[in-house]
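Here is the structure we will look at, set down as structure tokens.
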2 protein chains.
Amino acid sequence: MVEDTKERIRAVALALFTTHGYEQTSLREIADRVGITKASLYYHHPSKQALLIAIVEPLLTEWRMMVERLAAAPHTPEHVRDVLGECLDTMLRHRDACALFARDVPALLTAVGPILVEAKELGTRMNAWLAGPDPSLADRVRAFAATEVLNSALASAVMLPSVPQDELRATLLDAAAAVLGLPRTEPAPGRPGG
Amino acid sequence: MVEDTKERIRAVALALFTTHGYEQTSLREIADRVGITKASLYYHHPSKQALLIAIVEPLLTEWRMMVERLAAAPHTPEHVRDVLGECLDTMLRHRDACALFARDVPALLTAVGPILVEAKELGTRMNAWLAGPDPSLADRVRAFAATEVLNSALASAVMLPSVPQDELRATLLDAAAAVLGLPRTEPAPGRPGG
DNA sequence: GTCTATACCAGGATAGAC
DNA sequence: GTCTATCCTGGTATAGAC
């Protein structure tokens, strides 16, 4: 494939940005690990910022579409649960990029401010929907808390690697639902845990 | 007071580190805002790293003591609730420093690695206690999620400044308890929200 | 498409006068 | 205790050969 190198750069950069941070990762480090030089890197990506954007854009796009769809979604318990699940799946699919957003805010803010602003705005809309129609202040707080619960998937995946992904998903979904005060789903015959 | 300047530097630095990030804040910026020069700043704090440590140490000390006390605490529902509350209060008391820890991980990791490692270890012990004796995997995940709920106090305080702190506290405490599956406290006659 | 070499700049840190 | 002036490192980015 023609753009093999470009892709490899993206993959390596994502990994390094996520583990060491955006500012803490030098282009030299990325180039070294890819097996090329800094100058070659610049041939494929015009700047460090552009590289970051190329990495982050796919997640943002998907997230944006998801939030757009919310506008038409009715706020029923089952639907809320579906949305939480979809949200969680998106996060797990873009695990690394999400972790970057969550843990490296100041760096991303100075590097790609407008993108962060949009991400924050999407988060606000998501929360407004989750809080339901005509929400109390407590409802809004709970909506925030619920999304934080989903967020803990990122930390959990790292700290508890032995947890199978389905169980992680199910547990966090129940937890988020509990925060929002949703009725529990049927107890499912062989449910795990004491 | 003799050390007035030193204190003012700390206050300004904390504010800037929290809003713009550690790496993104230059010593010149801090000095400017305090109304002195970089060189004077170095008279009070021997390095940027030392300044960061001076800012972060109080929180870490308090946190450490709290976790120490957990070793002797029985894992009863009321006690779990108390611990969650204490945890939340500590966070709210050190709001800014906490936000720094939560949102600027990579920078802090490279600047004060060992401190971050200890903080992470304290978090692990906290979670181990929260998960209860002989926990299932799901219990551990829930413990993580519960602490994340408390964490959302930081974001909530910024995004929903109109929420009075008591209500924020009570709502998040209930939410965290719900995540852990604790029995609800008595419905409290004039409970807010719809 | 990849290289070597280099310009350029910002930020942390120090020396030494006052 | 505060200042001016300077050093030094390291990082982004570019020029131009192969």
Side-chain angles (χ1 to χ4, degrees), chain A residues 1-56 100 104-116, chain B residues 1-56 100 104-116:
Chain A
M1 34 212 85
V2 212
E3 305 267 270
D4 186 24
T5 309
K6 191 167 180 175
E7 267 312 306
R8 271 168 54 223
I9 293 173
R10 265 181 48 173
V12 168
L14 175 55
L16 288 176
F17 288 169
T18 313
T19 54
H20 302 160
Y22 177 73
E23 297 261 15
Q24 287 72 28
T25 304
S26 69
L27 295 180
R28 195 180 103 78
E29 204 176 345
I30 298 173
D32 278 0
R33 197 167 293 200
V34 175
I36 59 177
T37 64
K38 277 195 293 179
S40 302
L41 197 155
Y42 271 94
Y43 170 81
H44 296 282
H45 298 274
S47 73
K48 193 185 184 184
Q49 189 204 40
L51 176 55
L52 175 61
I53 293 179
I55 284 175
V56 148
L100 192 57
D104 211 4
V105 181
L108 263 56
L109 198 52
T110 55
V112 289
I115 288 185
L116 263 262
Chain B
M1 34 213 86
V2 211
E3 305 266 271
D4 186 24
T5 309
K6 191 166 180 175
E7 266 314 305
R8 271 169 53 224
I9 294 172
R10 266 180 49 172
V12 168
L14 175 54
L16 288 175
F17 287 169
T18 313
T19 53
H20 301 160
Y22 176 74
E23 298 261 15
Q24 286 72 30
T25 304
S26 69
L27 294 179
R28 195 179 103 77
E29 205 176 344
I30 298 173
D32 279 0
R33 196 166 295 198
V34 175
I36 58 177
T37 62
K38 271 197 298 178
S40 301
L41 198 156
Y42 271 95
Y43 171 81
H44 295 283
H45 297 275
S47 73
K48 193 183 185 185
Q49 189 204 39
L51 176 56
L52 174 61
I53 293 179
I55 285 175
V56 148
L100 192 57
D104 210 4
V105 181
L108 265 56
L109 199 52
T110 55
V112 289
I115 288 185
L116 261 262

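Bear in mind the structure is a predicted one, so any value in this text is a computation, not a measurement. Note on naming: letters A, B, ... go to the chains in the order of the sequence lines (proteins, then strands), and numbering restarts at 1 for each one. Computed from heavy atoms alone, side chains included, the values below leave out hydrogens, waters and symmetry copies.
- Listed by first and then second residue, the salt bridge (Lys or Arg N to Asp or Glu O under 4.0 Å) pairs that reach into residues 7-27 of chain B are B/Glu7-B/Arg10, sequence neighbours excluded.
- Screening residues 19-38 of chain A for ring pair (Phe, Tyr, Trp, His ring centres under 6.0 Å) gives A/Phe17-A/Tyr22 as the qualifying pairs, with residues at least two apart or on separate chains.
- Put simply, CG on B/Leu51 is 10 Å from P on C/dA13, counting in whole angstrom units.
- To the nearest angstrom, P of C/dT14 lies 15 Å from NE2 of B/His45.
- In this structure A/Ala50 satisfies the side-chain contact (heavy atoms from CB on, under 4.5 Å) test together with A/Pro46, A/Ser47, sequence neighbours excluded.
- A heavy atom closer than 4.0 Å to some atom of DNA chain C occurs in no member of residues 7-17 of chain A.
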Kindly give the atom pairs (protein nitrogen or oxygen, nucleotide nitrogen or oxygen) under 3.5 Å for nucleotides 13-16 of chain D.
unit_1	atom_1	unit_2	atom_2	d
D/dA13	OP2	A/Tyr42	OH	2.7
D/dA13	OP2	A/Lys48	N	2.9
D/dA13	O5'	A/Tyr42	OH	3.3
D/dA13	N6	A/Lys38	NZ	3.4

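- Partners of A/Ser40 according to the side-chain hydrogen bond (donor to acceptor under 3.5 Å, both in side chains) rule, which considers only residues two or more places apart in sequence or in another chain, are A/Thr37.
- Taking atom NZ on A/Lys6 and atom P on C/dG1, their separation rounds to 10 Å, with Å as the unit.
- DNA chain D lies under 4.0 Å from no heavy atom of any residue of residues 104-116 of chain B.
- In this view, A/Ser26 satisfies the side-chain hydrogen bond (donor to acceptor under 3.5 Å, both in side chains) rule with no residue, not counting sequence neighbours.
- When heavy atoms are screened at a 4.0 angstrom cut-off, A/Ser26 is found touching the sugar-phosphate backbone but no base atom.
- C/dG11 atom C1' lies 12 Å from atom OH of B/Tyr22, rounded to whole Å.
- Applying the ring pair (Phe, Tyr, Trp, His ring centres under 6.0 Å) test to pairs two or more places apart or on separate chains, none has a residue in residues 27-49 of chain A.
- For the atom pair OG1 (A/Thr25) and CG (A/Leu52), the distance works out to 10.5 Å, reported to the nearest 0.5 Å.
- One can place CD of B/Glu23 at 14 Å from P of D/dG10, the figure rounded to the nearest angstrom.
- Remark: A/Glu29 engages no residue in a salt bridge (charged side-chain N to carboxylate O under 4.0 Å, His left out) (not counting sequence neighbours).
- Computed from coordinates, the B/Ile30 CD1 to C/dG11 P distance equals 12 Å when rounded to whole Å.
- Minimum interatomic distance between A/Ala13 and A/Ile55 (heavy atoms only, all atoms of both residues): CB-CD1, 3.6 Å.
- A sub-4.0 Å separation between OP1 or OP2 of C/dT2 and a side-chain N or O of A/Tyr43 is absent.
- B/Thr5 OG1 to B/Leu41 CG: the interatomic distance, rounded to the nearest 0.5 Å, is 10.0 Å.
- When the side-chain nitrogen and oxygen atoms of A/Ser40 are compared with OP1 and OP2 of C/dC3, one or more of them lie within a distance under 4.0 Å.
- Distances shorter than 4.0 Å separate some side-chain N or O of B/Thr37 from OP1 or OP2 on D/dC3.
- The distance from atom CG of A/Leu109 to atom CD1 of A/Ile115, rounded to the nearest 0.5 Å, is 11.5 Å.
- Residue pairs meeting the salt bridge (Lys or Arg N to Asp or Glu O under 4.0 Å) criterion with at least one member in residues 30-53 of chain B, sequence neighbours excluded, are B/Arg28-B/Asp32.
- In this structure, B/Glu29 places its CD atom 14 Å from P of C/dA10, rounding to the nearest Å.
- Following rounding to the nearest Å, A/Ile36 (CD1) and C/dT4 (C1') show an atom-to-atom distance of 15 Å.
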